[in-house]
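The figures here come from the full heavy-atom set of this structure, side chains too, leaving out hydrogens, waters and symmetry mates. Everything quoted here is computed from the prediction, not taken from an experiment.
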Amino acid sequence: MVPGSSFEISRRQFLAAGGMTVAAACFAPSQLIAQTGGLVEGAFKEAAAAKVTVQNLRRNISVLLNAGGNIAVLTGPDGKLLVDAEIITARPHVAQALASINADPLKQLINTHWHFDHTGGNEWVHEAGASILAHENTRKHLSQATRVEGNWQYTFPPAPAGAIPSTVFVDEHALHFNDTTLMLKHYAPAHTDSDISVYFAEADVLHTGDTFWNRDYPFIDYATGGSIDGHIRAAEANIAAVTDKTIVIPGHGAVGDKADLISFRDVLVDIRDKVAALKRQGKPLPEVIAAKPSARYDAVWGNLFQNPSDFVALVYQGV
(Lines give C-alpha, C1' and ligand atoms only; values in the text may rest on other atoms or scores of the structure.)
Protein backbone atom coordinates (compact mmCIF):
# COMPACT_ATOMS: atom_id res chain seq x y z
CA MET A 1 0.00 0.00 0.00
CA VAL A 2 1.27 3.49 -0.78
CA PRO A 3 2.17 5.31 2.48
CA GLY A 4 -0.31 7.96 3.56
CA SER A 5 -3.08 6.60 1.34
CA SER A 6 -5.66 5.75 4.00
CA PHE A 7 -9.20 6.36 2.77
CA GLU A 8 -12.19 5.23 4.75
CA ILE A 9 -15.86 6.11 4.45
CA SER A 10 -18.82 4.36 5.96
CA ARG A 11 -21.07 2.26 3.77
CA ARG A 12 -23.97 4.50 4.81
CA GLN A 13 -22.11 7.59 3.57
CA PHE A 14 -21.21 5.92 0.31
CA LEU A 15 -24.75 4.81 -0.33
CA ALA A 16 -26.04 8.23 0.54
CA ALA A 17 -23.61 9.79 -1.88
CA GLY A 18 -24.18 7.07 -4.46
CA GLY A 19 -26.97 4.54 -4.54
CA MET A 20 -29.62 6.89 -3.13
CA THR A 21 -28.67 9.75 -5.43
CA VAL A 22 -28.19 7.90 -8.65
CA ALA A 23 -29.93 10.64 -10.60
CA ALA A 24 -27.60 13.35 -9.37
CA ALA A 25 -25.57 13.35 -12.55
CA CYS A 26 -28.56 14.64 -14.47
CA PHE A 27 -30.74 16.70 -12.13
CA ALA A 28 -30.32 19.48 -9.61
CA PRO A 29 -30.94 18.55 -5.93
CA SER A 30 -34.22 20.50 -5.84
CA GLN A 31 -35.56 18.48 -8.77
CA LEU A 32 -34.62 15.20 -7.12
CA ILE A 33 -36.20 16.16 -3.82
CA ALA A 34 -39.40 17.11 -5.62
CA GLN A 35 -39.47 13.76 -7.42
CA THR A 36 -38.50 11.40 -4.63
CA GLY A 37 -39.00 13.12 -1.28
CA GLY A 38 -37.03 13.74 1.88
CA LEU A 39 -34.88 10.60 1.74
CA VAL A 40 -32.91 12.04 -1.17
CA GLU A 41 -32.67 15.42 0.57
CA GLY A 42 -30.93 13.73 3.47
CA ALA A 43 -28.68 11.83 1.08
CA PHE A 44 -27.68 15.01 -0.69
CA LYS A 45 -26.78 16.67 2.61
CA GLU A 46 -24.58 13.75 3.61
CA ALA A 47 -22.91 13.55 0.20
CA ALA A 48 -22.29 17.29 0.20
CA ALA A 49 -20.68 17.04 3.64
CA ALA A 50 -18.12 14.39 2.63
CA LYS A 51 -14.70 16.03 2.54
CA VAL A 52 -12.16 15.56 -0.24
CA THR A 53 -8.65 14.42 0.63
CA VAL A 54 -5.77 15.46 -1.65
CA GLN A 55 -2.90 12.97 -1.88
CA ASN A 56 0.26 13.80 -3.83
CA LEU A 57 1.62 10.89 -5.85
CA ARG A 58 4.53 11.35 -8.29
CA ARG A 59 5.76 14.18 -10.46
CA ASN A 60 2.83 16.55 -10.95
CA ILE A 61 0.07 13.99 -10.26
CA SER A 62 -2.29 14.01 -7.29
CA VAL A 63 -5.46 12.12 -6.43
CA LEU A 64 -8.67 13.39 -4.84
CA LEU A 65 -10.34 10.84 -2.56
CA ASN A 66 -14.02 11.21 -1.68
CA ALA A 67 -17.33 9.36 -1.46
CA GLY A 68 -17.51 8.91 -5.23
CA GLY A 69 -14.93 7.88 -7.80
CA ASN A 70 -11.31 8.82 -7.19
CA ILE A 71 -10.09 11.74 -9.32
CA ALA A 72 -6.54 11.87 -10.70
CA VAL A 73 -5.19 15.39 -11.28
CA LEU A 74 -2.29 16.23 -13.61
CA THR A 75 -1.06 19.83 -13.37
CA GLY A 76 1.33 21.93 -15.42
CA PRO A 77 1.65 24.63 -18.08
CA ASP A 78 -1.16 23.13 -20.19
CA GLY A 79 -3.59 23.47 -17.27
CA LYS A 80 -5.24 20.80 -15.14
CA LEU A 81 -6.19 17.40 -16.55
CA LEU A 82 -8.67 15.36 -14.50
CA VAL A 83 -9.46 11.67 -14.69
CA ASP A 84 -13.10 11.43 -13.59
CA ALA A 85 -15.40 14.07 -12.14
CA GLU A 86 -17.07 12.70 -9.00
CA ILE A 87 -20.69 12.98 -7.85
CA ILE A 88 -22.40 16.27 -8.65
CA THR A 89 -23.05 17.08 -4.99
CA ALA A 90 -19.32 16.85 -4.26
CA ARG A 91 -18.67 19.85 -6.51
CA PRO A 92 -17.89 22.43 -3.78
CA HIS A 93 -15.37 20.19 -2.07
CA VAL A 94 -13.82 19.05 -5.35
CA ALA A 95 -13.45 22.64 -6.52
CA GLN A 96 -11.86 23.62 -3.21
CA ALA A 97 -9.45 20.68 -3.37
CA LEU A 98 -8.45 21.53 -6.94
CA ALA A 99 -7.82 25.16 -5.95
CA SER A 100 -5.66 23.98 -3.04
CA ILE A 101 -3.30 22.22 -5.46
CA ASN A 102 -2.67 25.32 -7.59
CA ALA A 103 -4.41 27.90 -9.76
CA ASP A 104 -3.96 26.05 -13.07
CA PRO A 105 -7.19 26.19 -15.11
CA LEU A 106 -9.24 23.11 -15.96
CA LYS A 107 -8.49 22.07 -19.54
CA GLN A 108 -9.06 18.33 -19.99
CA LEU A 109 -11.33 15.71 -18.43
CA ILE A 110 -11.16 11.97 -19.05
CA ASN A 111 -14.00 9.67 -17.92
CA THR A 112 -13.03 6.11 -17.01
CA HIS A 113 -16.65 5.01 -17.61
CA TRP A 114 -20.18 6.39 -17.68
CA HIS A 115 -21.45 5.96 -14.10
CA PHE A 116 -22.82 8.99 -12.24
CA ASP A 117 -20.17 8.91 -9.49
CA HIS A 118 -17.45 9.40 -12.15
CA THR A 119 -19.29 11.69 -14.57
CA GLY A 120 -21.51 13.68 -12.23
CA GLY A 121 -19.22 16.70 -12.43
CA ASN A 122 -18.82 16.58 -16.21
CA GLU A 123 -21.02 19.57 -16.92
CA TRP A 124 -19.44 22.01 -14.44
CA VAL A 125 -15.90 20.88 -15.31
CA HIS A 126 -16.71 21.43 -18.99
CA GLU A 127 -18.20 24.84 -18.22
CA ALA A 128 -14.95 25.69 -16.40
CA GLY A 129 -13.03 25.10 -19.63
CA ALA A 130 -12.30 21.39 -19.94
CA SER A 131 -12.84 19.21 -23.00
CA ILE A 132 -14.19 15.74 -22.22
CA LEU A 133 -12.64 12.52 -23.55
CA ALA A 134 -14.00 9.01 -23.02
CA HIS A 135 -14.77 5.67 -24.60
CA GLU A 136 -17.53 5.72 -27.20
CA ASN A 137 -19.84 3.71 -24.92
CA THR A 138 -19.58 6.37 -22.22
CA ARG A 139 -20.93 8.91 -24.67
CA LYS A 140 -23.63 6.44 -25.76
CA HIS A 141 -24.90 5.82 -22.22
CA LEU A 142 -24.76 9.49 -21.23
CA SER A 143 -26.63 10.47 -24.38
CA GLN A 144 -29.69 8.29 -23.81
CA ALA A 145 -31.88 6.89 -21.06
CA THR A 146 -30.03 3.96 -19.49
CA ARG A 147 -31.53 1.52 -16.99
CA VAL A 148 -29.32 0.05 -14.24
CA GLU A 149 -30.63 -2.87 -12.23
CA GLY A 150 -29.01 -4.60 -9.25
CA ASN A 151 -29.39 -2.57 -6.06
CA TRP A 152 -29.60 0.69 -8.05
CA GLN A 153 -32.93 0.03 -9.81
CA TYR A 154 -32.87 3.32 -11.64
CA THR A 155 -33.29 4.61 -15.17
CA PHE A 156 -30.83 7.41 -15.85
CA PRO A 157 -32.18 10.09 -18.17
CA PRO A 158 -29.85 11.57 -20.80
CA ALA A 159 -27.15 13.81 -19.32
CA PRO A 160 -27.03 17.53 -20.14
CA ALA A 161 -25.33 18.44 -23.41
CA GLY A 162 -22.35 19.92 -21.59
CA ALA A 163 -21.70 16.63 -19.80
CA ILE A 164 -21.37 14.58 -23.00
CA PRO A 165 -17.80 13.70 -24.08
CA SER A 166 -16.84 15.57 -27.24
CA THR A 167 -14.00 13.19 -28.15
CA VAL A 168 -14.30 9.41 -27.99
CA PHE A 169 -12.24 6.39 -29.00
CA VAL A 170 -12.78 2.67 -29.49
CA ASP A 171 -9.72 0.66 -28.39
CA GLU A 172 -6.71 2.83 -27.54
CA HIS A 173 -5.91 6.52 -27.43
CA ALA A 174 -2.78 8.51 -26.56
CA LEU A 175 -2.31 12.15 -25.70
CA HIS A 176 0.53 14.36 -24.50
CA PHE A 177 -0.32 16.84 -21.76
CA ASN A 178 1.93 18.72 -19.32
CA ASP A 179 5.04 16.90 -20.55
CA THR A 180 3.31 13.61 -19.76
CA THR A 181 2.30 10.78 -22.07
CA LEU A 182 -1.11 9.37 -21.23
CA MET A 183 -2.09 5.99 -22.65
CA LEU A 184 -5.81 5.19 -22.60
CA LYS A 185 -6.98 1.64 -23.16
CA HIS A 186 -10.44 0.12 -23.33
CA TYR A 187 -11.07 -3.07 -21.38
CA ALA A 188 -13.27 -5.81 -22.74
CA PRO A 189 -16.62 -5.43 -20.92
CA ALA A 190 -15.82 -5.63 -17.21
CA HIS A 191 -17.54 -3.38 -14.66
CA THR A 192 -19.44 -1.89 -17.63
CA ASP A 193 -18.89 -1.91 -21.40
CA SER A 194 -17.30 1.56 -21.23
CA ASP A 195 -14.35 1.02 -18.85
CA ILE A 196 -10.92 2.40 -19.71
CA SER A 197 -7.58 2.61 -17.95
CA VAL A 198 -5.42 5.74 -17.96
CA TYR A 199 -1.66 5.26 -17.64
CA PHE A 200 0.67 8.17 -16.89
CA ALA A 201 3.80 6.79 -18.50
CA GLU A 202 6.61 8.91 -17.09
CA ALA A 203 5.26 8.76 -13.54
CA ASP A 204 4.30 5.06 -13.76
CA VAL A 205 0.82 5.74 -12.35
CA LEU A 206 -2.23 3.75 -13.49
CA HIS A 207 -5.85 4.83 -12.97
CA THR A 208 -8.02 1.74 -13.37
CA GLY A 209 -11.45 3.28 -12.89
CA ASP A 210 -13.91 0.80 -11.42
CA THR A 211 -12.13 -2.28 -12.72
CA PHE A 212 -10.32 -2.14 -9.33
CA TRP A 213 -11.95 -1.45 -5.95
CA ASN A 214 -9.43 -1.47 -3.13
CA ARG A 215 -10.81 -3.37 -0.12
CA ASP A 216 -14.37 -3.04 -1.33
CA TYR A 217 -16.66 -5.46 -3.12
CA PRO A 218 -17.39 -3.97 -6.56
CA PHE A 219 -20.71 -3.17 -8.15
CA ILE A 220 -21.21 -5.06 -11.41
CA ASP A 221 -23.41 -3.31 -13.97
CA TYR A 222 -24.85 -6.20 -15.96
CA ALA A 223 -27.26 -3.82 -17.66
CA THR A 224 -24.45 -2.11 -19.56
CA GLY A 225 -22.19 -5.05 -20.27
CA GLY A 226 -20.55 -5.82 -16.96
CA SER A 227 -20.04 -9.33 -15.55
CA ILE A 228 -18.13 -11.09 -12.81
CA ASP A 229 -15.97 -12.89 -15.38
CA GLY A 230 -15.30 -9.60 -17.16
CA HIS A 231 -14.27 -8.02 -13.88
CA ILE A 232 -11.83 -10.86 -13.29
CA ARG A 233 -10.40 -10.52 -16.81
CA ALA A 234 -9.89 -6.81 -16.22
CA ALA A 235 -8.20 -7.55 -12.90
CA GLU A 236 -5.82 -9.90 -14.70
CA ALA A 237 -5.11 -7.24 -17.31
CA ASN A 238 -4.31 -4.70 -14.60
CA ILE A 239 -1.91 -7.08 -12.88
CA ALA A 240 -0.14 -7.74 -16.18
CA ALA A 241 0.14 -4.02 -16.90
CA VAL A 242 1.99 -2.97 -13.74
CA THR A 243 5.23 -3.58 -11.87
CA ASP A 244 5.94 -3.57 -8.15
CA LYS A 245 6.78 0.15 -8.48
CA THR A 246 3.56 1.25 -10.19
CA ILE A 247 1.16 3.42 -8.20
CA VAL A 248 -2.40 2.25 -8.84
CA ILE A 249 -5.42 4.53 -8.42
CA PRO A 250 -8.59 2.47 -7.98
CA GLY A 251 -12.07 3.66 -8.83
CA HIS A 252 -12.86 3.48 -5.11
CA GLY A 253 -10.73 3.03 -2.03
CA ALA A 254 -7.16 3.82 -1.08
CA VAL A 255 -4.38 4.27 -3.62
CA GLY A 256 -2.67 0.91 -4.02
CA ASP A 257 -0.10 -1.17 -5.83
CA LYS A 258 0.36 -4.48 -7.60
CA ALA A 259 -0.13 -6.48 -4.42
CA ASP A 260 -3.51 -4.84 -3.94
CA LEU A 261 -4.50 -5.69 -7.52
CA ILE A 262 -3.60 -9.31 -6.89
CA SER A 263 -5.63 -9.37 -3.68
CA PHE A 264 -8.64 -7.96 -5.51
CA ARG A 265 -8.34 -10.56 -8.28
CA ASP A 266 -7.99 -13.39 -5.77
CA VAL A 267 -11.07 -12.30 -3.82
CA LEU A 268 -13.17 -12.13 -6.98
CA VAL A 269 -12.00 -15.52 -8.23
CA ASP A 270 -12.55 -17.30 -4.92
CA ILE A 271 -16.04 -15.93 -4.38
CA ARG A 272 -16.98 -16.51 -8.02
CA ASP A 273 -15.88 -20.14 -7.84
CA LYS A 274 -17.69 -20.81 -4.56
CA VAL A 275 -20.94 -19.21 -5.74
CA ALA A 276 -20.76 -21.03 -9.07
CA ALA A 277 -20.30 -24.37 -7.32
CA LEU A 278 -23.35 -23.77 -5.12
CA LYS A 279 -25.44 -22.66 -8.08
CA ARG A 280 -24.46 -25.79 -10.03
CA GLN A 281 -25.81 -27.80 -7.10
CA GLY A 282 -29.18 -26.19 -7.79
CA LYS A 283 -29.23 -23.96 -4.74
CA PRO A 284 -31.40 -20.85 -5.06
CA LEU A 285 -30.00 -17.43 -4.25
CA PRO A 286 -31.28 -17.24 -0.63
CA GLU A 287 -29.52 -20.51 0.21
CA VAL A 288 -26.32 -19.36 -1.48
CA ILE A 289 -26.36 -16.13 0.51
CA ALA A 290 -27.03 -18.10 3.70
CA ALA A 291 -23.99 -20.29 2.95
CA LYS A 292 -21.81 -17.14 3.19
CA PRO A 293 -19.35 -17.96 0.40
CA SER A 294 -17.63 -14.60 0.96
CA ALA A 295 -17.29 -14.95 4.75
CA ARG A 296 -13.49 -15.14 4.63
CA TYR A 297 -13.31 -11.61 3.21
CA ASP A 298 -16.37 -9.82 4.56
CA ALA A 299 -14.73 -8.10 7.51
CA VAL A 300 -12.35 -6.25 5.18
CA TRP A 301 -14.19 -6.08 1.87
CA GLY A 302 -17.85 -5.89 2.85
CA ASN A 303 -18.13 -2.59 4.70
CA LEU A 304 -18.43 0.05 2.01
CA PHE A 305 -20.51 0.16 -1.17
CA GLN A 306 -21.56 -3.49 -1.47
CA ASN A 307 -22.49 -5.52 1.58
CA PRO A 308 -21.67 -9.25 1.34
CA SER A 309 -25.23 -10.35 0.50
CA ASP A 310 -25.54 -7.80 -2.31
CA PHE A 311 -22.22 -8.82 -3.80
CA VAL A 312 -22.99 -12.53 -3.63
CA ALA A 313 -26.27 -11.79 -5.41
CA LEU A 314 -24.39 -9.97 -8.16
CA VAL A 315 -21.98 -12.86 -8.59
CA TYR A 316 -24.84 -15.39 -8.57
CA GLN A 317 -26.47 -13.51 -11.44
CA GLY A 318 -23.40 -13.97 -13.62
CA VAL A 319 -22.31 -17.58 -13.01
Side-chain angles (χ1 to χ4, degrees), residues 22-28 60-61 63-64 68-91 94-95 98 101 103-146 148 156-187 189-201 206-211 221 224-225 249 251:
V22 290
C26 302
F27 291 116
N60 49 343
I61 301 170
V63 63
L64 308 187
N70 294 332
I71 299 176
V73 184
L74 173 68
T75 62
D78 298 328
K80 285 192 181 81
L81 177 147
L82 308 185
V83 180
D84 283 339
E86 258 285 357
I87 301 170
I88 184 60
T89 49
R91 175 180 177 174
V94 171
L98 291 171
I101 297 173
D104 293 347
L106 297 175
K107 291 296 183 181
Q108 181 69 61
L109 169 62
I110 300 169
N111 292 145
T112 61
H113 62 294
W114 77 273
H115 280 161
F116 76 102
D117 53 332
H118 299 259
T119 62
N122 274 22
E123 186 175 32
W124 77 261
V125 172
H126 173 66
E127 289 175 349
S131 300
I132 306 176
L133 168 64
H135 186 263
E136 63 178 4
N137 287 337
T138 293
R139 181 161 68 184
K140 179 182 74 173
H141 295 308
L142 291 179
S143 299
Q144 63 190 27
T146 302
V148 178
F156 291 83
I164 307 297
S166 57
T167 303
V168 296
F169 68 97
V170 178
D171 296 317
E172 297 183 358
H173 185 84
L175 69 156
H176 196 74
F177 199 90
N178 288 333
D179 297 320
T180 299
T181 303
L182 291 90
M183 307 298 297
L184 284 58
K185 188 172 183 178
H186 180 234
Y187 297 92
H191 169 65
T192 70
D193 61 6
S194 61
D195 304 302
I196 67 167
S197 61
V198 181
Y199 181 61
F200 300 84
L206 178 69
H207 196 314
T208 66
D210 278 4
T211 66
D221 186 358
T224 61
I249 302 172

Item to check | Validation row: Leu133, Phe169 side chains within 4.5 angstrom (heavy atoms) | outcome: yes
Next on the checklist: Within the 4.5 Å heavy-atom criterion, are Leu106 and Trp124 side-chain neighbours or not?
Outcome noted: yes
Checklist entry - Do Trp114 and Thr224 have side-chain atoms, one donor and one acceptor, less than 3.5 Å apart? => result yes
Next on the checklist: Contact between Thr138 and Val168 at the side-chain level, heavy atoms closer than 4.5 Å - yes or no?
Outcome noted: no
Item to check | Beyond-backbone contact of Leu74 with Leu182, side-chain heavy atoms, under 4.5 angstrom | outcome: yes
Checklist entry - So, the side chain of Glu136 versus the backbone of Val170: is there a donor-acceptor pair under 3.5 Å, distance only? => result no
Checklist entry - Are Asn60 and Thr180 side-chain neighbours, meaning at least one heavy-atom pair lies under 4.5 Å? => result yes
Checklist entry - What is the distance from atom CD of Glu86 to atom CG of Asn70, rounded to the nearest 0.5 Å? => result 8.0 Å
Next on the checklist: Closer than 3.5 angstrom, by distance alone: can the side chain of Asp104 be matched with the main-chain N or O of Gly76 as a donor-acceptor pair?
Outcome noted: yes
Checklist entry - Are the side chains of Asn137 and Thr192 in touch, meaning some heavy atoms are under 4.5 Å apart? => result no
Checklist entry - Looking only at side chains, do Asp210 and His115 share a donor and an acceptor under 3.5 Å apart? => result no
Next on the checklist: Evaluate Leu98 against Ile71 for side-chain contact (heavy atoms from CB on, under 4.5 Å), listing each step before the verdict.
Outcome noted: CA-CA 10 Å; Leu98 291 171; Ile71 299 176; 5.5 Å; no
Checklist entry - Would you say the side chain of Pro77 lies within less than 4.5 Å of the side chain of Asn178, judging by non-hydrogen atoms? => result yes
Checklist entry - Roughly how far, to the nearest 0.5 Å, is CE of Met183 from NE2 of His173? => result 9.5 Å
Checklist entry - Any side-chain heavy atom of Ile249 sitting closer than 4.5 Å to one from Val83? => result no
Checklist entry - Where is the tightest heavy-atom contact between Thr75 and Val73, given as atom of each residue plus distance? => result CG2-CG1, 3.9 Å
Checklist entry - Do you see a donor-acceptor pair shorter than 3.5 Å between the side chains of Thr112 and Asp84? => result yes
Item to check | Check: Asn111/Asn122 side-chain N/O donor and acceptor closer than 3.5 Å | outcome: yes
Item to check | Whether His186 and His135 hold their rings parallel, tilted or perpendicular, with breakpoints at 30° and 60° | outcome: parallel
Next on the checklist: Tell me which one of Thr119, Asp221, Asp193 satisfies side chain to side chain donor-acceptor pair (under 3.5 Å) with His141.
Outcome noted: Asp193
Next on the checklist: Is the ring pair His113/His191 parallel, tilted or perpendicular, if the boundaries are 30 and 60 degrees?
Outcome noted: perpendicular
